[in-house]
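First up is the structure itself, then whatever we jot down about it.
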Amino acid sequence: MGFILETERLALRKMTQADFPALCEILQDEQTMYAYEGAFSGEEAQTWLDRQLERYRDDGIGLWAVILKENGKMIGQCGLTWQRIPGETVLEVGYLFNRAYWHCGYAAEAARACRDYAFETLRAEKVYSIIRDTNALSQNVAQRNGMTRVASFVKHYRGADMPHGVYCVQRRERGE
């Protein structure tokens, strides 16, 4: 399967059902999924994968498998999706990585490539990241991606009210 994006260390491609075990390593890890109120069940993980396959078909984008070039292992997911925030639908760069690969710069590297793809290929004027207020690691990735916090709102998910920050970078802010 062809790669959508490549960076120095990573390659991004559409996920397939064959990626389900690697995806479960991420979605079923309690610590990784703290911002989602805990680990997903097998059924929830399959629904997550099915949603990405649907996005690829309907939108031409979605969260893509992040492959570590040095060994071919899927270490996370990163990509572009349409998300609702109060008052509008926005193009979001989202990322979620296997905890074993945190603190290596992979999320920032993949998110930067997705941001650039949004600007250069999709001709987007703005790109967003929507991040739970308690998720400092993802907030740091957004800031490293040139984003600033522009709004906040509360999302109700899995029985909890979750304050979220809305981060944004505009094409002109990057000198384009």
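All heavy atoms count here, side chains included; hydrogens, waters and symmetry mates do not.
Between the side chain of R171 and the backbone N or O of A124, at least one donor-acceptor pair lies under 3.5 Å. Without hydrogens or angle criteria, E44 side chain to S41 main chain gives a donor-acceptor distance under 3.5 Å.
The six-membered or imidazole ring of Y117 lies near that of W64, with a centre-to-centre distance under 6.0 Å.
Linking Ile, Leu, Val, Met, Phe, Trp and Tyr whenever their side-chain heavy atoms come within less than 4.5 Å leaves V150 and V154 in two separate clusters. Taking hydrophobic clusters as Ile, Leu, Val, Met, Phe, Trp and Tyr residues chained together by side-chain heavy-atom distances below 4.5 Å, L53 shares a cluster with L12.
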Next on the checklist: Does L27 form a side chain to side chain contact (heavy atoms under 4.5 Å, CB included) with Q77? I'd like the steps, not just the answer.
Outcome noted: CA-CA 11 Å; L27 299 179; Q77 52 187 331; 3.9 Å; yes
Checklist entry - Where do S152 and V166 land on the side chain to side chain contact (heavy atoms under 4.5 Å, CB included) test, with the steps shown first? => result CA-CA 6 Å; S152 61; V166 178; 6.0 Å; no
Item to check | Step-by-step salt bridge (Lys or Arg N to Asp or Glu O under 4.0 Å) determination, E6 to K69 | outcome: CA-CA 9 Å; E6 289 190 57; K69 285 181 175 180; 3.2 Å; yes
Item to check | From CA spacing to verdict: side chain to side chain contact (heavy atoms under 4.5 Å, CB included), N145, Y167 | outcome: CA-CA 10 Å; N145 206 6; Y167 294 77; over 6 Å; no
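With values rounded to the nearest 0.5 angstrom, R84 atom CZ is found 4.0 Å from T89 atom OG1. Once rounded to the nearest 0.5 Å, the distance linking CE of M33 with CG of L96 reads 5.5 Å. Expressed to the nearest 0.5 Å, how far CH2 of W82 lies from CG of D59 amounts to 8.0 Å. Rounding to the nearest 0.5 angstrom, the gap separating the OG1 atom in T32 from the CG atom in N98 is 6.0 Å. Going from atom CG of L23 over to atom CD of Q46 covers 8.5 Å, rounded to the nearest 0.5 Å. In this structure, CD1 in I67 is found 9.5 Å from CG in L10, a value given to the nearest 0.5 Å.
Contact detail for G2 and R13: the closest heavy-atom pair is O-CB, 3.6 Å. Across A18 and P21, no two heavy atoms sit closer than the pair O-CD, 3.5 Å. When all heavy atoms of H156 and D161 are compared, the closest pair comes out as ND1-OD1, 2.8 Å. In terms of heavy atoms, V93 sits closest to C78 at CG2-SG, 4.2 Å. Looking at every heavy atom in both residues, A111 comes nearest to V141 through CB-CG1, 4.1 Å.
Under 4.0 Å is where a charged nitrogen must lie from a carboxylate oxygen, and between E25 and K73 at least one such pair does. Between D19 and K14, none of the side-chain N atoms (NZ, or NE/NH1/NH2) sits under 4.0 Å from a carboxylate O, so this pair counts as no salt bridge.
Within a 6.0 Å radius of CD in E8, no more than 12 heavy atoms belonging to other residues, nucleotides or ligands are found.
Between the side chains of W48 and E43, no donor-acceptor pair of N or O atoms lies under 3.5 Å.
Between E37 and M162, some side-chain heavy-atom pair lies under the 4.5 Å cut-off. Between I61 and L91, some side-chain heavy-atom pair lies under the 4.5 Å cut-off. For the pair R132 and Y36, the minimum side-chain heavy-atom distance is 4.5 Å or more. Under the 4.5 Å side-chain criterion, counting only non-hydrogen atoms from C-beta, E92 is not in contact with L80. Looking at heavy atoms from C-beta onward, V169 lies in side-chain contact with F119 at the 4.5 angstrom threshold.
None of I131, L63, V66 except one satisfies the side chain to side chain contact (heavy atoms under 4.5 Å, CB included) rule with Y95; the exception is I131. Applying side chain to side chain contact (heavy atoms under 4.5 Å, CB included) to C168 and the options R149, K126, M147 leaves one that passes, K126.
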Using atom types as modelled, flag every donor-acceptor pair under 3.5 Å from a side chain in residues 101-109 to any protein atom, sequence neighbours excluded.
residue : atom : partner : partner atom : Å
W102    : NE1  : F97     : O            : 3.0
E109    : OE1  : R9      : NE           : 2.7
E109    : OE1  : R9      : NH2          : 2.7
E109    : OE2  : T7      : OG1          : 2.4
E109    : OE2  : R9      : N            : 3.0

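Remark: E88 engages I85, V90, Y128 in a side-chain contact (heavy atoms from CB on, under 4.5 Å) (not counting sequence neighbours).
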